[in-house]
Amino acid sequence: MYVVIGGGISGVAAAIKLKEELGKGARIVVVEKSPQLGGKIRSVAMAGKHVEVGPDAFLTRTSTARDLVDKVGASDQVVIPRSFAASIYARGRLHRVPEGIMLGVPVAVRPFIKTASMLSPLARLRAAADLILPKTALGSDATISHLVASRFGHEVDEVLVDPMVGGINAGSTRVLGLASVAPQFINAYKSSPHRSLARSMVAFAAPKANTTVAKIPFASLSGGLGDLIGAAQNYLISIGVEILLNSEAVGIKPVANGVQIDVVTRQSDTAAAPSTLLAQGVVLALPAPQAAAILAPICAPAASRLGEIDYAGVAMTVMRYLKSSFSRPLEGSGVLVPRREGRLITAVTFASRKWQHLDLQDSELLRVSVGRFGDNRFASLADSQLQILIEDELHEILGTQGRAQEATTWRWDAALPQYRPFHRELAAAIRADLGEFPAIEVCGAALDGVGIPACIESGSQAAARLMARIQP
C-alpha cells in the first residue's frame, strides 16, 4: 500500500501516477482533511454560477495540465478567456498596460515611453537607461527587484513588475527570488551577451522554428475548475484509488519495510475515529507548515527548513453588481493594483467578462483579491466590514455606484508560499534531509511552484521518485 497525504492537485497527481504505474493490484489511499479534494481549487455559488475563490485558470504553455484534463475525461469542457488584457490602477486612475513590455519589463523603448502613462515622465526615461548601463552583476540567484530596479528603475519594478510577476505569489519583488519566481529574467540575462535586460529578454523569447504559442496561454473548464477536481475524483475511484475524506494524518513513523500513518477521521454523528495505515511509502502533498508538523518528530532538519518558508494570507471576495452600477464600461479581464497605492485591493478580475460561462444578462461578477505578503490588514476585519471597504475602493477604482447585490468572502490564511532567493536549493536540502527515509516523499506548491501545472508535475515526480527507491 502507498498513501498520499493531502488531496490538493499535487496529491491527486501523485495518486494517479502511483496507481497507473503500480497497476491494479496496488492499494493507493489518499488521506484528505477536508470534506472534498482540490485544496485551493474551490468555488462559491452566486447567481446560479460557480465562481472560483482560488485559481481560476491553468497555464497552457506546457501540456501538463491539459494532459490531466484529457486523462480524467474533461477535455470537452475546456474554455479559454474571452479577454486577457488587464489594466493598472496607479496615480488615481486606470491605465492600460503599456505597449512594448514582457512580464512587466519594457522591451521596446519607444512604444513603452509613449504608452506607460502610469509612470512619471522621469521614470519612463529612467527605464531607457537599461540600454546603456553596465551589465548588472548576478550570482546564481537574487531578488527580482535587484535585477529589475537596477536596469529600469524602482517605478517600473513597483508599478509594473511587482503586481504582474510578484502578484502571482501575492508577494513582493523585493523578497521573491529570480530563479524560482521569474526564471525567464535570470535565464535570459545570464545567457545573453547583452548588457541590456530588454534585449536579453527579446533574444531569449525569440520563437523557435515550427512552434506555436497560444495568444492567451490560459484555460479553464466551462463549469469552473471544480469540475476538474470532480472529474479527477471520479477517475481516481474508477482506477481503484481509495479516498478518505474528513481524515487527518496526525503522525507518521518509519517502521520495518515502510511507514506507519496515524489517521483520525471525523464522523458526523460520533467522535473522531482513529486508525492506522501501514504503507510501503508515503507522499506528503501538504503546505509547508503541515508538512513540518508531521515531520518534526522524525526529521527535525527537514521540518526546520520547511518552517523557513513564509506564506502570504489572502482573501477572495466574489461580488455581483448590476451592470447599471458602473459609470463606465468594464474593459479587459481586470485590474491590478500596485502595493504602493496603499489599497486593500490587490487585484480585480471581471469574471463575467473574462469567462463566457459566467456571463450574466443584467449583472457583472467580480473576483476581488485582498492581502499579500506583509499586508494582512484584512485579517482583523469581519466579512461585512471587509466588503464595505472593498465597495468603497471599487467606487474609486471602477466608478461603481451603490453597493453590490451579493457578496461572499473566502479566506486563505496561508495561501501562497514566498520563494526567496535560493528557494530551489532549500527544496533540494529538504529532500536531502529526508534521504535517510526512502519511504517518504514531499511535493506541492511549497517546494516546486504555485501554478496548477507546477503542482501536477511536483506530485507526479514525487510519486516517481518514491517508486524508484522502493521498487528499483
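Remember, predicted model here, so these are calculated numbers, not experimental data.
- At distances below 3.5 Å, not a single donor-acceptor pair connects side-chain atoms of Tyr189 with backbone N or O atoms of Leu147.
- You'll find the side chain of Thr346 stays beyond 4.5 Å of the side chain of Val337, heavy atoms only.
- A salt bridge is absent between Glu308 and Arg420: the closest approach of a Lys/Arg side-chain nitrogen to an acidic carboxylate oxygen does not fall below 4.0 angstrom.
- Salt bridge status for Glu158 with Arg174: present, with a side-chain N to carboxylate O gap under 4.0 Å.
- Enclosure of atom NZ in Lys253 is not indicated, since only 12 or fewer non-hydrogen atoms of other residues, nucleotides or ligands lie within 6.0 angstrom.
- A donor-acceptor pair under 3.5 Å is absent between the side-chain atoms of Ser458 and the main chain of Cys443, judged by distance alone.
- Scanning all heavy atoms of the two residues, the minimum distance from Leu236 to Ala15 falls at CD2-CB, 3.9 Å.
- Taking NE2 of His146 as the start and CZ of Arg151 as the end, the distance is 10.5 Å to the nearest 0.5 Å.
- In this structure, His50 and His357 have side chains that are not in contact, with every pair of non-hydrogen atoms separated by 4.5 Å or more.
- Counting heavy atoms from C-beta on, the side chains of Ile5 and Leu286 come closer than 4.5 Å.
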Ile294 and Leu284: CA distance, side-chain angles, deciding distance, side-chain contact (heavy atoms from CB on, under 4.5 Å) verdict: CA-CA 9 Å; Ile294 206 168; Leu284 299 182; 3.8 Å; yes

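- With hydrogens and angles ignored, the 3.5 Å screen pairs no side-chain donor or acceptor of Asp56 with any backbone N or O of Glu52.
- For the pair Gln418 (side chain) and Asn169 (backbone), a donor-acceptor distance under 3.5 Å is present.
- Of the possible polar contacts, one joining the Arg343 side chain to the Glu341 backbone as a donor-acceptor pair under 3.5 Å is found.
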Evaluation steps, side-chain contact (heavy atoms from CB on, under 4.5 Å), between Arg66 and Thr60: CA-CA 7 Å; Arg66 183 57 195 262; Thr60 56; 5.6 Å; no

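- Scanning all heavy atoms of the two residues, the minimum distance from Arg411 to Leu381 falls at NH2-O, 2.6 Å.
- Note: Asp162 CG to Thr173 OG1 = 4.0 Å, rounded to the nearest 0.5 Å.
- In summary, Arg320 and Glu364 do not engage in a salt bridge, as defined by a charged side-chain N under 4.0 Å from a carboxylate O.
- Using a 3.5 Å distance cut-off with no hydrogens or angles, the side chains of Ser83 and Ser333 do not pair a donor with an acceptor.
- Put simply, the side chain of Arg469 never gets that close to the backbone of Phe437: no donor and acceptor are under 3.5 Å apart.
- The two atoms that bring Val165 and Leu103 nearest to each other are CG2-O, 3.4 Å, heavy atoms only.
- Separating the CG atom in Leu178 from the NE2 atom in His423 is a distance of 14.5 Å, to the nearest 0.5 Å.
- Looking at every heavy atom in both residues, Tyr311 comes nearest to Ala446 through OH-CB, 3.3 Å.
- In this structure, the separation between CZ on Phe58 and SG on Cys455 is 14.0 Å, given to the nearest 0.5 Å.
- Within 6.0 Å of atom CG in Asn257, 12 or fewer heavy atoms from other residues, nucleotides or ligands are found, so the atom counts as exposed in its surroundings.
- Around NZ of Lys33, the count of heavy atoms belonging to other residues, nucleotides or ligands within 6.0 Å does not exceed 12.
- Of the options Thr409, Thr408, Asp383, a side chain to side chain donor-acceptor pair (under 3.5 Å) to Thr317 is made by Thr409 and by none of the others.
- Remark: Arg339 does not engage Asp375 in a salt bridge, criterion side-chain N to carboxylate O under 4.0 Å.
- Side-chain contact check for Thr265 versus Val263: some heavy-atom pair is nearer than 4.5 Å.
- In this structure, the side chains of Val51 and Arg367 come closer than 4.5 Å at one or more pairs of heavy atoms.
- Minimum interatomic distance between Val30 and Gly6 (heavy atoms only, all atoms of both residues): CG1-O, 4.2 Å.
- Figure legend: Lys354 and Phe84 shown without cation-pi pairing, the cationic atom not lying both under 6.0 angstrom from the six-membered ring centre and within 45 degrees of its axis.
- For Arg82 and Asp359, the salt-bridge test passes: some basic side-chain N is under 4.0 Å from an acidic carboxylate O.
- Asp157 and Ser145 share a side-chain donor-acceptor pair at under 3.5 Å.
- The residue from Val3, Leu295, Leu277 that alone fulfils the side-chain contact (heavy atoms from CB on, under 4.5 Å) condition with Ile252 is Leu295.
- Remark: side-chain polar atoms of Asp141 are paired, donor with acceptor, to backbone N or O of Ala179 under 3.5 angstrom.
- No donor-acceptor distance shorter than 3.5 angstrom exists from the side chain of Ser75 to the backbone of Asp70, with no hydrogens or angles considered.
- Note that CG of Asp310 is 13.0 Å distant from OH of Tyr419, once rounded to the nearest 0.5 Å.
- For the pair Lys19 (side chain) and Ala14 (backbone), a donor-acceptor distance under 3.5 Å is absent.
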Ile28 vs Met1, side-chain contact (heavy atoms from CB on, under 4.5 Å): CA-CA, chis, key distance, verdict: CA-CA 6 Å; Ile28 312 298; Met1 177 172 66; over 6 Å; no

Stepwise side-chain contact (heavy atoms from CB on, under 4.5 Å) test for Ile16 and Leu68: CA-CA 10 Å; Ile16 289 174; Leu68 179 63; 3.7 Å; yes

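- Judged purely by atom type and a 3.5 angstrom limit, Glu32 uses its side chain to pair as donor or acceptor with the backbone of Ser34.
- Across every non-hydrogen atom of Phe204 and Ala188, the tightest pair is CB-CB, 3.5 Å.
- Counting heavy atoms from C-beta outward, Leu426 and Ile309 have side chains that approach closer than 4.5 Å.
- Partner of Ile470 under the side-chain contact (heavy atoms from CB on, under 4.5 Å) criterion, chosen from Gln280, Arg465, Glu441: Gln280.
- Asp67 has no carboxylate O lying under 4.0 Å from a charged side-chain N of Lys71, or vice versa, which leaves the two without a salt bridge.
- The closest side-chain heavy-atom distance from Val105 to Val161 is below 4.5 Å.
- Side-chain contact between Leu365 and Met319 is absent, with no heavy-atom pair separated by less than 4.5 Å.
- Considering Val4, Val442, Val259, Val31 in turn, Val259 is the only one that fulfils the side-chain contact (heavy atoms from CB on, under 4.5 Å) rule with Val282.
- A distance of 4.5 Å separates CG in Leu336 from CD1 in Ile88, rounded to the nearest 0.5 Å.
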